[in-house]
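The structure under discussion appears below in the form of structure tokens.
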Amino acid sequence: MDTVDYRRLELAPGHRVLDLGCGSGRHAFGALRRGADVLACDLGRPELAEVRDIVAAMGDAGEIPAGAFATAVGADARRLPFADGGFDRIIAAEVLEHIDDDGAALAELARVLRPGGVLAVTVPSWLPEKLCWLLSEEYHAPAVVGGHVRIYTLRRLRALLREAGLLPLGRHRAHALHSPYWWLRCAVGPNDDDHRLVRAYHRLLCWEIERRPRIARMAERLLRPLIGKSVVLYAVKDPGARGGAPGAAARAHRRVRHWAPAGGENPGAPSEHLREVPGVLSRDDVTATAEGIVEWQLDSGLILWFPGGHADPWNHVECAMALDVTGYHAAAERAYGFLAATQRRDGAWHRYYTADGVEEHKLDANCTAYVACGVWHHYLMTRDRGFLEDMWRVVERAVGFTLDLQQPRGEILWARHADGTPWPFALLSSSSSIHHSLRSALAIAAELGHERPRWEAGAARLAGVISREPDAFAPKDRFAMDWYYPVLAGILEGDDARRRLLDRWDDFVLEGWGVRCVADRDWVTPAETAECTLAYLAAGLTSEAWDLFTWSQRQRDSDGRYWTGTVLPQEHRFPAGEKASYSAAAQLLAADALTGATAASGLFTRRGAARAASRYSRSR
């Protein structure tokens, strides 16, 4: 029952890991199974002996990957006997609340963490812990020797991390079903293990941990944002720092994103911006494509699909992200400035804008929510906290408008009419994209120190209905976006994601060209192909991702722009003569994800990627 998410920790084989306050060793064993070299550390001799015994048993059972290693030593967290910068990753789970001088302990952790390394620290969440303290004085110090000496707020814990020279990153909660158990124990007496209610609830927890029933998983997911027993914060040490000097981490480069980046680090350090895709796009090619987007941006900041055409807020944000990826940050900020200036009082934007104003008055939930994704992306690229703070109110209003359209099952209706009347149906691709936007909004909230449990709950409900109730959405299974968006948005992962993508490869992919927009029409678009590239990359199907991206370059014109689409086998451009800024933008974002070039390259895929053969073969 691990509290730390190893994906958010970006744990990779060969990492040197310190598990401080290891206790019985649950996180040490988890890191060891993932190929890390682990040093488990605790003051308790019986616990250390138990850890050593279990490590030996794991070795006998063949559970330790080749080359991985673990040992256990005794040490005081305030005076660690380890060299500066000796560890790539540190886990300190449920430790700080027991230490009088928690600042000294965090300073020591910062000292032994290498520059650019990541720390995961967990403490009891404020509300569940506060109730335990109110229910029983025997739960905490001084009644309990070595017990909890304080209750943390997120604000206090983040301040302590910064004082130690660590930059707080994402956070999440864990173990919601454990909170009522501890409340019950405190109510009847913390030492009364034999009370019938305590024993009954303990059996329930054992059943939940061992069996992982669906109802328990749903309850945990819904309750975690509100009453999760533990809160986990991730922090990175300034890559340029030697020790843990206060304030040093304010300049650190973000390596861990708020939500679920996959294991493994991008090869090498990310560069300022996307420069090339070796063997596919040269530096001149990338520059030409980016400058094509800049050329079509109006003085207002609005980025049109093409000159004389219109723009929608979703593709406008997509173009802004592409500009950031290629180093055109000022142009990207003008694009976000347009959104800040035109946002309605209810938080929405209209469906289409032209150089002269509003073209279509419908209020699209997905188009509205996507600003959160763009704002978070810009922050990952620039580390401009002032921008994040300036756009916070814009994001907050946009999310409010979007969640007001969420239905009891969890799906989010497509849009509102201009008079505010909601449309009667939800779209799978739209709701999937909204889920990704909500996770970005939560990342922004966490970075700025805001709690938004409604957003957490809304995202969880939305993910649940997308995963389990396809009938909640209008039938659009002919459209490629309904096929790959649940994967692109991070709702389906692992084997589920791979099965979904591979099962309909033949329906949607014209090999040598790319992705059909509609399964029964041989019209291939570079925008859908680029998005599908991201989905395959997120699913770990890197060979297929590279194929799709390479094939889509057949729709790149000599000026660096991309045709909107091509009808096959005639190879007619359709719409005739039309090139779209959003097609170019999607291609640049896919290029960044494939190469891992920038600090934001994992936003859609949770990993950098290198060209590699897929472990999964497509059935023919």
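In terms of heavy-atom proximity, W126 sits nearest to I151 at CD1-CG2, 3.5 Å. Here the closest heavy-atom approach between residue A539 and residue A497 is recorded as CB-CB, 3.9 Å. When every heavy atom of D37 is checked against every heavy atom of G14, the shortest pair comes out as OD2-O, 4.3 Å. Across all their heavy atoms, R173 and S125 have their closest contact at NH1-OG, 3.1 Å. Closest approach of A75 and L43 over heavy atoms only: O-CD2, 3.3 Å. In terms of heavy-atom proximity, V465 sits nearest to G410 at CG1-C, 3.7 Å.
Of the possible donor and acceptor atoms, none in the side chain of H27 sits under 3.5 Å from a partner among the backbone N and O of A93. Remark: the backbone N or O of G117 is not paired with any side-chain donor or acceptor of K237 at under 3.5 angstrom. R150 contributes a side-chain N or O that, together with a main-chain N or O of L96, makes up a donor-acceptor pair within less than 3.5 Å. Side-chain atoms of K229 never come within 3.5 Å of backbone atoms of H178 as a donor-acceptor pair (strictly under, hydrogens ignored). Looking at Y484, its side chain never comes within 3.5 Å of a backbone N or O of E531 through a donor-acceptor pair. Listed for the H98 side chain is a donor-acceptor partner under 3.5 Å among the backbone atoms of G146. Between the side chain of R45 and the backbone N or O of G74, no donor-acceptor pair lies under 3.5 Å. Between the side chain of W483 and the main chain of R500, a donor-acceptor pair closer than 3.5 Å is present. For H195 (side chain) and L197 (main-chain N/O), a donor-acceptor pair under 3.5 Å exists by modelled atom type. With hydrogens and angles disregarded, no donor-acceptor distance shorter than 3.5 Å links the side chain of S437 to the backbone of C373.
The pair E63-R33 meets the salt-bridge criterion, since a charged nitrogen lies less than 4.0 angstrom from a carboxylate oxygen. Salt-bridge check for D84 with R111: passed, with a basic side-chain N closer than 4.0 Å to an acidic carboxylate O. Ion pairing between E456 and R439 holds under the 4.0 Å rule for side-chain N and carboxylate O. Salt bridge status for E447 with R158: absent, with no side-chain N to carboxylate O gap under 4.0 Å.
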- Task: Using the side-chain hydrogen bond (donor to acceptor under 3.5 Å, both in side chains) rule, take H172 and Y234 through it: C-alpha gap first, then chi angles, then the decisive distance, then the call.
- Result: CA-CA 9 Å; H172 60 86; Y234 302 87; 2.7 Å; yes
Working note: L9 + H15, criterion side-chain contact (heavy atoms from CB on, under 4.5 Å); need CA distance, chi angles, decisive distance, verdict. CA-CA 11 Å; L9 190 62; H15 272 162; over 6 Å; no
Starting from the C-alpha separation in whole Å, work towards a yes-or-no answer on side-chain contact (heavy atoms from CB on, under 4.5 Å) for I466 and L428. CA-CA 7 Å; I466 291 170; L428 178 59; 3.8 Å; yes
- request: With salt bridge (charged side-chain N to carboxylate O under 4.0 Å, His left out) as the test, would you mind laying out the steps for E220 and R217 before giving the verdict?
  value: CA-CA 5 Å; E220 172 69 26; R217 294 198 308 271; over 6 Å; no
Mind running side-chain contact (heavy atoms from CB on, under 4.5 Å) on V231 and Y152 for me, showing each step along the way? CA-CA 10 Å; V231 61; Y152 285 98; over 6 Å; no
Item to complete: Let me see the working for H436 and F604 under ring-ring contact (aromatic ring centres under 6.0 Å, His included), right down to the final yes or no.
Response: CA-CA 8 Å; H436 189 277; F604 295 95; 5.0 Å; yes
TODO: Check the pair S432, I491 against side-chain contact (heavy atoms from CB on, under 4.5 Å), reporting the backbone distance first and the verdict last.
DONE: CA-CA 8 Å; S432 297; I491 297 160; 4.1 Å; yes
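Note that the OG atom of S601 and the CG atom of L274 stand 10.0 Å from one another [nearest 0.5 Å]. With rounding to the nearest 0.5 Å, the separation of CZ in R199 from NE2 in H202 is 10.5 Å. Summarising the geometry, atom CZ belonging to F87 is positioned 10.5 Å from atom CG belonging to D19; distances are rounded to the nearest 0.5 Å. The distance from atom CG of L18 to atom CG of L80, rounded to the nearest 0.5 Å, is 6.5 Å. The CH2 atom of W207 lies 11.0 Å from the CZ atom of R212; values are rounded to the nearest 0.5 Å. Distance CG/L119 to CG/L113: 6.5 Å, rounded to 0.5 Å.
Residues V4 and L11 fail the side-chain proximity criterion, which asks for heavy atoms closer than 4.5 Å. Side chains of H175 and T122 form no contact here, defined as non-hydrogen atoms less than 4.5 Å apart. Side-chain contact between I64 and F69: absent, with no pair of heavy atoms (C-beta onward) separated by less than 4.5 Å.
In this model, no donor atom of one side chain and acceptor atom of the other lie less than 3.5 Å apart for Y536 and D547. Residues W505 and E511 have side chains that bring a donor and an acceptor to within less than 3.5 angstrom of each other. Residues R185 and S136 have side chains that never bring a donor and an acceptor to within less than 3.5 angstrom of each other.
Residue E138 qualifies as open at atom CD: its count of foreign heavy atoms under 6.0 Å is 12 or below.
In this structure, H140 and W133 have parallel ring planes: the angle between them is below the 30° cut-off, well short of the 60° mark.
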